[in-house]
Amino acid sequence: MTLRNGLDSLLRPEDSVLVMIDHQPYQLANVNSHDPQAVVNNTTALAKAAKVFNVPTILTSVIAGRGGLLFKHLTEVFPGQEVIDRTFINTWQDSKVVDAVKATGRKQLIIAGLWTEVCVAMPAIQAAGEGWDVTVITDASGGTSVEAHQVAIQRMIGAGINMMTWLAIAAEWQRDWAREETAAALTDVIIEHAGGSGIAYLWEQQLLNTPVQAASRAGL
C-alpha cells in the first residue's frame, strides 16, 4: 500500500468533494458509538466548513419515506439543494450519486455518514478501489456500537482510506490564517461547533481587547 504522506497528500478545498450519507432519524436512533447530539453537531459543522470553502457537497438519503428526512441542521446549510434518495445501501452503486461526484471534476472524495460499518465503509472501499483519494470523517459518522465503528475504521484503513475529524479537515482546507477570504467564516464555525476550542478563541479575543489596568502593570 502506498503511504499517504508529503504535502500533496494533504486535502485542498479546490480538489475536494463531500458526500454526506444517510444522516437520518432512523440511523441516528441506533448510533451507539457516539453521543447522538455530538454526531448532529459534527455533521452540521462539517457541512458548514464545506460551504465556507466552496467544496461541492452531495446530500443523499436511503428510503427517506421510511427512514426520515436528513437532519434539518444539514439541509438548512444547503437550502433548496436536492437530496438524492436511494434504494442502494452502497451509495457508490447509485449512478446518480456517482455522476454528481464525477461532475465536480475532483478526486479527493470526502465521506461521512451513518452507519460507519455499512453506509460509509461500502462506498469508501469501492471508491478507493476505483482510484479515488478517499477520506472518511469519523466524528461526523457513527456506528451501531463502539466496536462496529472501530472495526469499520480498521477495515477502511486496511483498504488505504484516510481518516480525519471535522475540525482537522477544516484546518487542512484553511492551511494558512492569512487566507482572509475564509478565515473569518471558518472562525464562526469553530465558535459555534468546536466546543472548548470555540470558547477559548472567544476568551482570547476578550483578553486581547481588555485594557491592562495601571495597577496591574505596576505589579500591585
Side-chain angles (χ1 to χ4, degrees), residues 7 9-21 23-25 27-28 31-59 69-81 108 110-114 116 120 135-143 146 149 153 162-220:
L7 184 60
S9 73
L10 299 181
L11 300 180
R12 301 169 293 278
E14 65 272 16
D15 293 328
S16 297
V17 54
L18 172 63
V19 181
M20 307 196 76
I21 301 171
H23 291 95
Q24 299 169 252
Q27 282 82 349
L28 185 67
V31 165
N32 295 295
S33 60
H34 296 72
D35 174 5
Q37 182 173 333
V39 173
V40 175
N41 175 77
N42 298 341
T43 299
T44 307
L46 176 62
K48 288 182 178 180
K51 190 168 187 177
V52 166
F53 292 100
N54 294 314
V55 171
T57 301
I58 289 86
L59 306 177
L69 302 176
L70 293 188
F71 307 156
K72 69 185 296 288
H73 313 69
L74 180 54
T75 54
E76 285 179 351
V77 178
F78 305 101
Q81 180 171 320
Q108 291 185 331
I110 319 301
I111 295 176
L114 306 177
T116 318
V120 173
T135 293
V136 166
I137 307 303
T138 60
D139 61 350
S141 304
V146 172
H149 181 76
I153 289 173
N162 184 42
M163 300 291 150
M164 296 183 74
T165 56
W166 82 261
L167 188 55
I169 195 171
E172 204 153 298
W173 280 337
Q174 178 66 30
R175 199 75 63 84
D176 184 348
W177 287 116
R179 295 178 178 173
E180 297 180 357
E181 65 274 14
T182 53
L186 177 58
T187 298
D188 288 341
V189 178
I190 292 171
I191 291 170
E192 292 170 3
H193 296 284
S197 297
I199 297 302
Y201 173 80
L202 291 174
W203 183 34
E204 177 185 67
Q205 295 306 301
Q206 175 192 336
L207 293 176
L208 290 172
N209 289 284
T210 301
V212 178
Q213 297 179 3
S216 298
R217 289 199 300 268
L220 301 176

Q: Kindly indicate, with the supporting measurements, whether the criterion side chain to side chain donor-acceptor pair (under 3.5 Å) is fulfilled by Thr182 and Gln174.
A: CA-CA 7 Å; Thr182 53; Gln174 178 66 30; 2.6 Å; yes

Q: Check whether any side-chain N or O of Gln108 sits under 3.5 Å from a backbone N or O of Val17 as a donor-acceptor pair, and report yes or no.
A: no

Just wondering, do [Y] and [X] contact through their side chains at under 4.5 Å, heavy atoms?
X: Thr187; Y: Ile191; answer: yes
X: Ile111; Y: Ile137; answer: no
X: Trp173; Y: Val52; answer: no
X: Met20; Y: Thr57; answer: yes
X: Arg12; Y: Glu172; answer: no
X: Ile169; Y: Leu11; answer: yes

Q.
Taking CD in Gln37 as the centre, count heavy atoms belonging to other residues, nucleotides or ligands within less than 6.0 Å. Is the count above 12?
A. no

Q | Greater than 12 external heavy atoms within 6.0 Å of Glu180's CD | A | no

**Q.** Test: Glu192 and Lys48 ion pair at under 4.0 Å
**A.** yes

[X] [atom1] to [Y] [atom2] distance, which is reported to the nearest 0.5 Å:
X: Leu59; Y: Leu69; atom1: CG; atom2: CG; result: 12.0 Å
X: His34; Y: Asn41; atom1: NE2; atom2: CG; result: 12.0 Å
X: Ile110; Y: Leu18; atom1: CD1; atom2: CG; result: 7.0 Å
X: Leu28; Y: Gln24; atom1: CG; atom2: CD; result: 10.5 Å
X: Leu46; Y: Thr165; atom1: CG; atom2: OG1; result: 10.0 Å
X: Phe53; Y: Arg179; atom1: CZ; atom2: CZ; result: 8.0 Å

Q: Show your working on side-chain contact (heavy atoms from CB on, under 4.5 Å) between Met163 and Ile153 and close with a plain yes or no.
A: CA-CA 8 Å; Met163 300 291 150; Ile153 289 173; 4.0 Å; yes

Closest non-hydrogen atom pair between [X] and [Y], with its separation:
X: Ala112; Y: Ser141; value: CA-OG, 3.5 Å
X: Leu7; Y: Arg175; value: CD1-NH1, 3.8 Å
X: Leu167; Y: Ser197; value: CD2-OG, 4.4 Å
X: Lys51; Y: Val77; value: NZ-O, 2.6 Å
X: Gly143; Y: Ser33; value: N-OG, 2.8 Å
X: Val55; Y: Pro13; value: CG2-O, 3.8 Å

**Q.** Reference residue Val39; test side-chain contact (heavy atoms from CB on, under 4.5 Å); the match among Asp139, Thr44, Val31
**A.** Val31

**Q.** Sole residue of Leu114, Val136, Thr138 in side-chain contact (heavy atoms from CB on, under 4.5 Å) with Val120
**A.** Val136

Q. So His193 and Trp166, would you call those rings parallel, tilted or perpendicular, with 30° and 60° as cut-offs?
A. perpendicular

Q.
Please tell me whether His23 and His73 form a close aromatic pair, meaning their ring centres lie under 6.0 Å apart.
A. no

